[in-house]
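None of these values were measured; they are calculated from a predicted model. Just so we're on the same page: letters track the sequence lines, and every chain starts at 1.
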2 protein chains.
Amino acid sequence: MSVVADEPDVKSLDAFKSFLMSKGLRVTQPRLAILKAAFVLPEHYTAEELLAQACQIDDSVSRATLYRTLPLLIECGTVREIDVGKECKYYKCCDTIKPFQAQVVCSDCDKIFEIDAPFMEWYGKTVSERLGLEVGSQRLQVTARCPKSEAGECIKTTCDN
Amino acid sequence: MSVVADEPDVKSLDAFKSFLMSKGLRVTQPRLAILKAAFVLPEHYTAEELLAQACQIDDSVSRATLYRTLPLLIECGTVREIDVGKECKYYKCCDTIKPFQAQVVCSDCDKIFEIDAPFMEWYGKTVSERLGLEVGSQRLQVTARCPKSEAGECIKTTCDN
DNA sequence: CTCGATGCAAAATTTTTGCAGTCCC
DNA sequence: GGGACTGCAAAAATTTTGCATCGAG
(Lines give C-alpha, C1' and ligand atoms only; values in the text may rest on other atoms or scores of the structure.)
Protein backbone atom coordinates (compact mmCIF):
# COMPACT_ATOMS: atom_id res chain seq x y z
CA MET A 1 0.00 0.00 0.00
CA SER A 2 2.66 2.48 0.94
CA VAL A 3 4.84 3.99 -1.72
CA VAL A 4 7.91 3.98 0.46
CA ALA A 5 9.76 0.99 1.88
CA ASP A 6 8.02 -0.33 4.96
CA GLU A 7 11.25 -0.54 6.90
CA PRO A 8 13.89 2.04 7.52
CA ASP A 9 17.23 0.93 6.17
CA VAL A 10 19.53 -0.65 8.68
CA LYS A 11 21.76 2.40 8.70
CA SER A 12 19.00 4.73 9.91
CA LEU A 13 17.73 2.27 12.43
CA ASP A 14 21.18 1.72 13.83
CA ALA A 15 21.87 5.43 13.83
CA PHE A 16 18.85 6.02 15.98
CA LYS A 17 19.69 3.20 18.36
CA SER A 18 23.25 4.42 18.68
CA PHE A 19 22.03 7.92 19.28
CA LEU A 20 19.74 6.79 22.06
CA MET A 21 22.36 4.67 23.73
CA SER A 22 24.98 7.36 23.47
CA LYS A 23 22.68 9.63 25.43
CA GLY A 24 21.91 7.01 27.98
CA LEU A 25 18.35 6.68 26.71
CA ARG A 26 16.55 3.44 26.24
CA VAL A 27 15.67 1.74 22.97
CA THR A 28 11.96 1.13 23.40
CA GLN A 29 9.23 -0.29 21.22
CA PRO A 30 7.27 2.95 20.95
CA ARG A 31 10.37 4.87 19.93
CA LEU A 32 11.18 2.34 17.24
CA ALA A 33 7.59 2.31 16.03
CA ILE A 34 7.70 6.08 15.59
CA LEU A 35 10.98 5.85 13.72
CA LYS A 36 9.55 3.23 11.40
CA ALA A 37 6.43 5.29 10.88
CA ALA A 38 8.57 8.17 9.72
CA PHE A 39 9.87 5.94 6.94
CA VAL A 40 6.51 4.61 5.88
CA LEU A 41 5.08 8.08 5.43
CA PRO A 42 5.67 10.24 2.38
CA GLU A 43 8.36 12.82 2.76
CA HIS A 44 6.32 15.49 4.49
CA TYR A 45 3.75 15.06 7.19
CA THR A 46 2.36 16.45 10.39
CA ALA A 47 2.84 15.23 13.93
CA GLU A 48 -0.69 13.88 13.87
CA GLU A 49 -0.10 11.91 10.67
CA LEU A 50 3.05 10.47 12.13
CA LEU A 51 1.15 9.39 15.21
CA ALA A 52 -1.52 7.68 13.15
CA GLN A 53 1.11 5.79 11.21
CA ALA A 54 3.02 4.85 14.34
CA CYS A 55 -0.18 3.48 15.82
CA GLN A 56 -0.61 1.28 12.78
CA ILE A 57 2.77 -0.24 13.53
CA ASP A 58 2.24 -0.43 17.29
CA ASP A 59 -1.23 0.55 18.31
CA SER A 60 -0.20 1.36 21.83
CA VAL A 61 1.89 4.38 20.85
CA SER A 62 0.44 7.44 22.49
CA ARG A 63 0.38 11.04 21.47
CA ALA A 64 2.50 11.92 24.47
CA THR A 65 5.24 9.56 23.44
CA LEU A 66 5.08 10.86 19.91
CA TYR A 67 5.70 14.37 21.12
CA ARG A 68 8.39 13.18 23.48
CA THR A 69 10.16 11.25 20.74
CA LEU A 70 9.99 13.81 17.95
CA PRO A 71 12.70 16.05 19.45
CA LEU A 72 14.93 13.02 19.70
CA LEU A 73 14.47 12.13 16.06
CA ILE A 74 15.21 15.69 15.12
CA GLU A 75 18.29 15.96 17.29
CA CYS A 76 19.50 12.67 15.94
CA GLY A 77 19.13 13.98 12.40
CA THR A 78 16.57 11.49 11.16
CA VAL A 79 13.74 13.94 10.94
CA ARG A 80 13.72 17.57 9.95
CA GLU A 81 11.30 20.20 11.09
CA ILE A 82 9.76 22.53 8.55
CA ASP A 83 7.48 25.44 9.16
CA VAL A 84 6.36 27.49 6.26
CA GLY A 85 3.23 28.91 7.74
CA LYS A 86 1.23 26.37 5.80
CA GLU A 87 -1.20 24.29 7.77
CA CYS A 88 0.87 22.59 10.43
CA LYS A 89 4.46 21.76 11.01
CA TYR A 90 5.95 19.21 8.71
CA TYR A 91 8.60 16.68 9.31
CA LYS A 92 10.73 15.17 6.68
CA CYS A 93 12.45 11.89 6.94
CA CYS A 94 15.45 11.09 4.81
CA ASP A 95 17.53 7.95 5.04
CA THR A 96 20.39 10.31 5.37
CA ILE A 97 19.49 13.93 5.76
CA LYS A 98 21.54 16.13 3.53
CA PRO A 99 22.44 18.97 5.82
CA PHE A 100 22.89 21.71 3.24
CA GLN A 101 19.59 21.77 1.46
CA ALA A 102 16.90 24.38 1.30
CA GLN A 103 13.20 23.64 1.46
CA VAL A 104 11.41 25.43 -1.33
CA VAL A 105 7.67 25.50 -0.84
CA CYS A 106 5.27 26.27 -3.64
CA SER A 107 2.73 28.69 -2.26
CA ASP A 108 0.17 27.48 -4.77
CA CYS A 109 0.26 23.75 -4.42
CA ASP A 110 2.16 23.38 -1.13
CA LYS A 111 4.61 21.01 -2.70
CA ILE A 112 7.99 21.00 -0.99
CA PHE A 113 11.20 20.70 -2.97
CA GLU A 114 14.54 19.88 -1.41
CA ILE A 115 17.17 21.89 -3.21
CA ASP A 116 20.90 21.77 -2.63
CA ALA A 117 22.30 24.86 -1.00
CA PRO A 118 25.98 24.07 -0.53
CA PHE A 119 26.90 27.62 0.36
CA MET A 120 25.24 27.11 3.73
CA GLU A 121 28.28 25.18 4.80
CA TRP A 122 30.52 28.10 3.98
CA TYR A 123 28.12 30.47 5.65
CA GLY A 124 28.13 28.45 8.83
CA LYS A 125 31.89 28.59 8.94
CA THR A 126 31.89 32.31 8.32
CA VAL A 127 29.42 32.99 11.11
CA SER A 128 31.35 30.73 13.37
CA GLU A 129 34.66 32.46 12.71
CA ARG A 130 33.52 36.03 12.56
CA LEU A 131 31.16 36.01 15.52
CA GLY A 132 32.64 33.39 17.73
CA LEU A 133 29.45 31.37 17.68
CA GLU A 134 29.50 27.64 17.36
CA VAL A 135 27.04 26.92 14.58
CA GLY A 136 24.61 24.04 14.96
CA SER A 137 21.78 23.41 12.55
CA GLN A 138 20.81 25.57 9.60
CA ARG A 139 17.45 25.81 7.86
CA LEU A 140 16.84 27.70 4.67
CA GLN A 141 13.18 27.90 3.77
CA VAL A 142 12.00 29.54 0.61
CA THR A 143 8.52 30.23 -0.62
CA ALA A 144 7.95 30.25 -4.34
CA ARG A 145 5.32 29.74 -6.96
CA CYS A 146 5.63 26.89 -9.34
CA PRO A 147 4.13 26.87 -12.82
CA LYS A 148 1.35 24.55 -11.74
CA SER A 149 -1.29 27.24 -11.66
CA GLU A 150 -1.03 27.64 -15.40
CA ALA A 151 0.61 24.45 -16.55
CA GLY A 152 -1.46 22.13 -14.45
CA GLU A 153 1.27 20.19 -12.72
CA CYS A 154 4.24 20.97 -10.52
CA ILE A 155 7.79 20.16 -11.39
CA LYS A 156 8.87 16.91 -9.85
CA THR A 157 10.57 17.25 -6.52
CA THR A 158 14.30 16.76 -6.51
CA CYS A 159 14.21 15.04 -3.16
CA ASP A 160 15.52 11.55 -3.58
CA ASN A 161 13.75 10.24 -0.54
CA MET B 1 10.20 53.54 29.21
CA SER B 2 10.62 51.63 25.98
CA VAL B 3 14.02 51.46 24.38
CA VAL B 4 12.63 51.87 20.91
CA ALA B 5 10.88 54.86 19.45
CA ASP B 6 7.23 54.94 20.43
CA GLU B 7 6.11 55.65 16.92
CA PRO B 8 6.88 53.87 13.71
CA ASP B 9 8.61 56.11 11.26
CA VAL B 10 6.39 57.68 8.67
CA LYS B 11 7.76 55.44 5.99
CA SER B 12 6.65 52.25 7.71
CA LEU B 13 3.30 53.67 8.61
CA ASP B 14 2.68 54.82 5.08
CA ALA B 15 3.90 51.55 3.71
CA PHE B 16 1.33 49.71 5.76
CA LYS B 17 -1.45 52.06 4.81
CA SER B 18 -0.56 51.82 1.16
CA PHE B 19 -0.41 48.07 1.41
CA LEU B 20 -3.86 47.92 2.92
CA MET B 21 -5.38 50.25 0.40
CA SER B 22 -3.75 48.50 -2.51
CA LYS B 23 -5.46 45.33 -1.41
CA GLY B 24 -8.77 47.02 -0.94
CA LEU B 25 -8.55 46.62 2.84
CA ARG B 26 -9.47 49.27 5.32
CA VAL B 27 -7.13 51.33 7.44
CA THR B 28 -8.58 50.81 10.89
CA GLN B 29 -7.60 51.86 14.39
CA PRO B 30 -6.92 48.34 15.64
CA ARG B 31 -4.69 47.60 12.67
CA LEU B 32 -2.71 50.76 13.25
CA ALA B 33 -2.45 50.06 16.96
CA ILE B 34 -0.96 46.66 16.23
CA LEU B 35 1.50 48.18 13.80
CA LYS B 36 2.57 50.73 16.38
CA ALA B 37 2.87 48.06 19.03
CA ALA B 38 5.28 46.18 16.80
CA PHE B 39 7.55 49.22 16.88
CA VAL B 40 7.37 49.75 20.60
CA LEU B 41 8.39 46.21 21.37
CA PRO B 42 11.96 44.98 21.32
CA GLU B 43 12.99 43.20 18.21
CA HIS B 44 11.64 39.78 19.01
CA TYR B 45 8.40 38.92 20.67
CA THR B 46 5.47 36.54 20.69
CA ALA B 47 1.96 37.07 19.40
CA GLU B 48 0.80 37.38 22.99
CA GLU B 49 3.34 40.07 23.82
CA LEU B 50 2.35 41.98 20.73
CA LEU B 51 -1.28 41.82 21.78
CA ALA B 52 -0.48 43.12 25.24
CA GLN B 53 1.42 46.04 23.76
CA ALA B 54 -1.29 46.79 21.22
CA CYS B 55 -3.83 46.88 24.03
CA GLN B 56 -1.73 49.47 25.80
CA ILE B 57 -2.04 51.65 22.74
CA ASP B 58 -5.68 50.88 22.10
CA ASP B 59 -7.21 48.76 24.82
CA SER B 60 -10.02 47.58 22.61
CA VAL B 61 -7.76 45.52 20.38
CA SER B 62 -8.77 41.90 20.60
CA ARG B 63 -6.81 38.75 20.24
CA ALA B 64 -8.84 37.86 17.19
CA THR B 65 -7.87 41.04 15.42
CA LEU B 66 -4.26 40.53 16.38
CA TYR B 67 -4.24 37.15 14.73
CA ARG B 68 -6.13 38.49 11.75
CA THR B 69 -3.69 41.37 11.33
CA LEU B 70 -0.42 39.52 11.82
CA PRO B 71 -0.53 37.85 8.39
CA LEU B 72 -1.08 41.26 6.85
CA LEU B 73 1.96 42.74 8.57
CA ILE B 74 4.01 39.80 7.45
CA GLU B 75 2.82 39.95 3.87
CA CYS B 76 3.44 43.65 3.82
CA GLY B 77 7.01 43.08 4.99
CA THR B 78 6.83 44.96 8.26
CA VAL B 79 7.03 41.92 10.46
CA ARG B 80 8.95 38.74 10.04
CA GLU B 81 8.05 35.35 11.38
CA ILE B 82 10.68 33.29 13.13
CA ASP B 83 10.37 29.79 14.46
CA VAL B 84 13.36 28.14 15.99
CA GLY B 85 11.57 25.62 18.11
CA LYS B 86 12.21 27.82 21.12
CA GLU B 87 9.22 28.72 23.22
CA CYS B 88 6.78 30.34 20.82
CA LYS B 89 6.89 31.99 17.49
CA TYR B 90 8.69 35.28 17.31
CA TYR B 91 8.07 38.24 15.20
CA LYS B 92 10.59 40.85 14.34
CA CYS B 93 9.84 44.35 13.33
CA CYS B 94 12.31 46.41 11.42
CA ASP B 95 11.73 49.88 10.08
CA THR B 96 12.83 48.40 6.84
CA ILE B 97 13.27 44.70 6.85
CA LYS B 98 16.49 43.67 5.26
CA PRO B 99 15.43 40.80 3.13
CA PHE B 100 18.71 38.94 3.02
CA GLN B 101 19.51 38.30 6.61
CA ALA B 102 19.73 35.11 8.61
CA GLN B 103 18.44 34.68 12.11
CA VAL B 104 21.06 33.11 14.29
CA VAL B 105 19.67 31.83 17.56
CA CYS B 106 21.87 31.02 20.51
CA SER B 107 20.67 27.71 21.88
CA ASP B 108 21.96 28.63 25.31
CA CYS B 109 20.57 32.06 25.92
CA ASP B 110 17.91 32.25 23.19
CA LYS B 111 19.28 35.52 21.93
CA ILE B 112 18.56 36.16 18.28
CA PHE B 113 21.13 37.79 16.03
CA GLU B 114 20.31 39.21 12.62
CA ILE B 115 23.24 38.49 10.36
CA ASP B 116 23.61 39.57 6.76
CA ALA B 117 23.39 36.75 4.28
CA PRO B 118 23.66 38.48 0.91
CA PHE B 119 24.14 35.25 -1.00
CA MET B 120 20.47 34.51 -0.45
CA GLU B 121 19.68 36.96 -3.19
CA TRP B 122 21.86 35.08 -5.60
CA TYR B 123 20.39 31.79 -4.44
CA GLY B 124 16.88 33.00 -5.06
CA LYS B 125 17.78 33.95 -8.59
CA THR B 126 19.44 30.62 -9.17
CA VAL B 127 16.46 28.66 -7.95
CA SER B 128 14.21 30.83 -9.99
CA GLU B 129 16.18 30.33 -13.19
CA ARG B 130 17.06 26.70 -12.85
CA LEU B 131 13.73 25.41 -11.64
CA GLY B 132 11.31 27.81 -13.17
CA LEU B 133 9.94 28.79 -9.78
CA GLU B 134 9.14 32.34 -8.93
CA VAL B 135 10.85 32.88 -5.59
CA GLY B 136 9.04 34.77 -2.87
CA SER B 137 10.36 35.03 0.67
CA GLN B 138 13.45 33.37 2.05
CA ARG B 139 14.28 32.55 5.63
CA LEU B 140 17.62 31.28 6.85
CA GLN B 141 17.55 30.22 10.46
CA VAL B 142 20.64 29.02 12.21
CA THR B 143 21.09 27.62 15.68
CA ALA B 144 24.37 28.23 17.42
CA ARG B 145 25.97 28.49 20.80
CA CYS B 146 27.40 31.76 21.92
CA PRO B 147 30.20 32.09 24.46
CA LYS B 148 27.80 33.20 27.14
CA SER B 149 27.78 29.88 28.95
CA GLU B 150 31.39 30.39 29.90
CA ALA B 151 31.97 34.09 29.45
CA GLY B 152 28.84 35.21 31.21
CA GLU B 153 27.37 37.41 28.49
CA CYS B 154 26.40 37.10 24.88
CA ILE B 155 27.90 39.11 22.08
CA LYS B 156 25.78 42.12 21.27
CA THR B 157 23.33 41.60 18.49
CA THR B 158 24.23 43.10 15.17
CA CYS B 159 20.65 43.97 14.41
CA ASP B 160 20.37 47.70 14.06
CA ASN B 161 16.70 47.78 14.86
C1' DC C 1 -25.37 53.83 3.79
C1' DT C 2 -22.83 49.51 3.04
C1' DC C 3 -19.99 46.05 3.66
C1' DG C 4 -15.72 44.97 5.61
C1' DA C 5 -13.71 44.75 10.24
C1' DT C 6 -14.13 44.09 15.09
C1' DG C 7 -14.81 42.15 19.85
C1' DC C 8 -16.33 38.58 22.42
C1' DA C 9 -16.34 34.13 23.81
C1' DA C 10 -16.62 29.55 22.50
C1' DA C 11 -14.29 26.10 19.93
C1' DA C 12 -10.66 23.94 17.50
C1' DT C 13 -5.83 22.78 17.31
C1' DT C 14 -1.63 21.57 18.88
C1' DT C 15 1.48 20.42 22.59
C1' DT C 16 2.64 19.53 27.46
C1' DT C 17 2.28 17.36 31.91
C1' DG C 18 1.21 14.46 36.31
C1' DC C 19 0.92 10.04 37.74
C1' DA C 20 0.41 5.11 38.27
C1' DG C 21 1.79 1.18 35.95
C1' DT C 22 5.18 -1.00 32.47
C1' DC C 23 9.35 -2.75 30.55
C1' DC C 24 14.31 -1.99 29.17
C1' DC C 25 18.89 -2.79 30.79
C1' DG D 1 15.04 -4.90 40.45
C1' DG D 2 15.39 -0.06 39.67
C1' DG D 3 14.60 3.73 37.28
C1' DA D 4 13.54 5.40 32.77
C1' DC D 5 9.57 5.25 29.77
C1' DT D 6 4.79 4.88 28.69
C1' DG D 7 -0.26 5.62 28.21
C1' DC D 8 -3.96 8.05 29.73
C1' DA D 9 -6.45 11.90 30.26
C1' DA D 10 -6.60 16.36 31.87
C1' DA D 11 -4.63 20.79 31.12
C1' DA D 12 -2.06 24.26 28.94
C1' DA D 13 -0.98 26.96 25.15
C1' DT D 14 -1.97 28.79 20.79
C1' DT D 15 -4.94 29.97 16.99
C1' DT D 16 -9.43 30.11 14.61
C1' DT D 17 -14.30 31.06 14.04
C1' DG D 18 -19.44 32.55 14.36
C1' DC D 19 -22.14 36.24 15.03
C1' DA D 20 -24.03 40.64 16.37
C1' DT D 21 -22.33 45.21 16.21
C1' DC D 22 -19.35 48.97 14.75
C1' DG D 23 -17.13 52.17 11.73
C1' DA D 24 -14.22 53.40 7.42
C1' DG D 25 -14.99 55.01 2.94
Exactly one of A:Arg139, A:His44, A:Glu114 clears side chain to side chain donor-acceptor pair (under 3.5 Å) with A:Gln103, and that residue is A:Glu114
Side chains of A:Gln141 and B:Gln138: any donor to acceptor distance under 3.5 Å? no
Can you check the B:Arg31 CZ to C:dG4 C1' distance for me, whole Å? 8 Å
Quick check on D:dT15: is either OP1 or OP2 less than 4.0 Å from any side-chain nitrogen or oxygen of B:Tyr67? yes
What residue among B:Leu73, B:Leu72, B:Thr69, B:Leu50 forms side chain to side chain contact (heavy atoms under 4.5 Å, CB included) with B:Val79? B:Leu73
If you check the B:Thr65 side chain, which of D:dT6, D:dG25, C:dG7 turns out closest? C:dG7
May I have the distance from B:Leu51 (atom CG) to C:dT6 (atom P), rounded to whole angstrom? 13 Å
Rounding to an integer number of Å, can you tell me how far A:Leu70 CG sits from D:dT6 C1'? 16 Å
Mapping B:Leu66 and B:Arg26 onto DNA chain C by nearest heavy atom, which one lands closer to the 5' end? B:Arg26
Interatomic distance, A:Tyr91 OH vs C:dT14 P [rounded to whole Å]: 11 Å
Separation of D:dT6 P from A:Asp58 CG (nearest whole Å): 11 Å
Any side-chain to backbone donor/acceptor pair from B:Glu49 onto B:Thr46? Under 3.5 Å, distance only. yes
Round to the nearest Å and state the distance from A:Leu20 atom CG to C:dC24 atom P. 13 Å
Any side-chain heavy atom of B:Ile115 within less than 4.5 Å of one from A:Tyr123? yes
Could you check if a side-chain atom of B:Gln101 sits within less than 4.5 angstrom of a side-chain atom of B:Met120, using non-hydrogen atoms only? no
What is the distance from CG of A:Leu25 to C1' of C:dC23, rounded to the nearest Å? 15 Å
Tell me, do B:Thr78 and B:Phe39 make a side-chain contact under 4.5 Å, heavy atoms counted? yes
Give me the distances for all protein-to-nucleotides 8-12 of chain C N/O pairs that come in under 3.5 Å?
none

Starting from C1' on D:dG7, measure out to CD on A:Gln29 and report it in whole angstrom. 15 Å
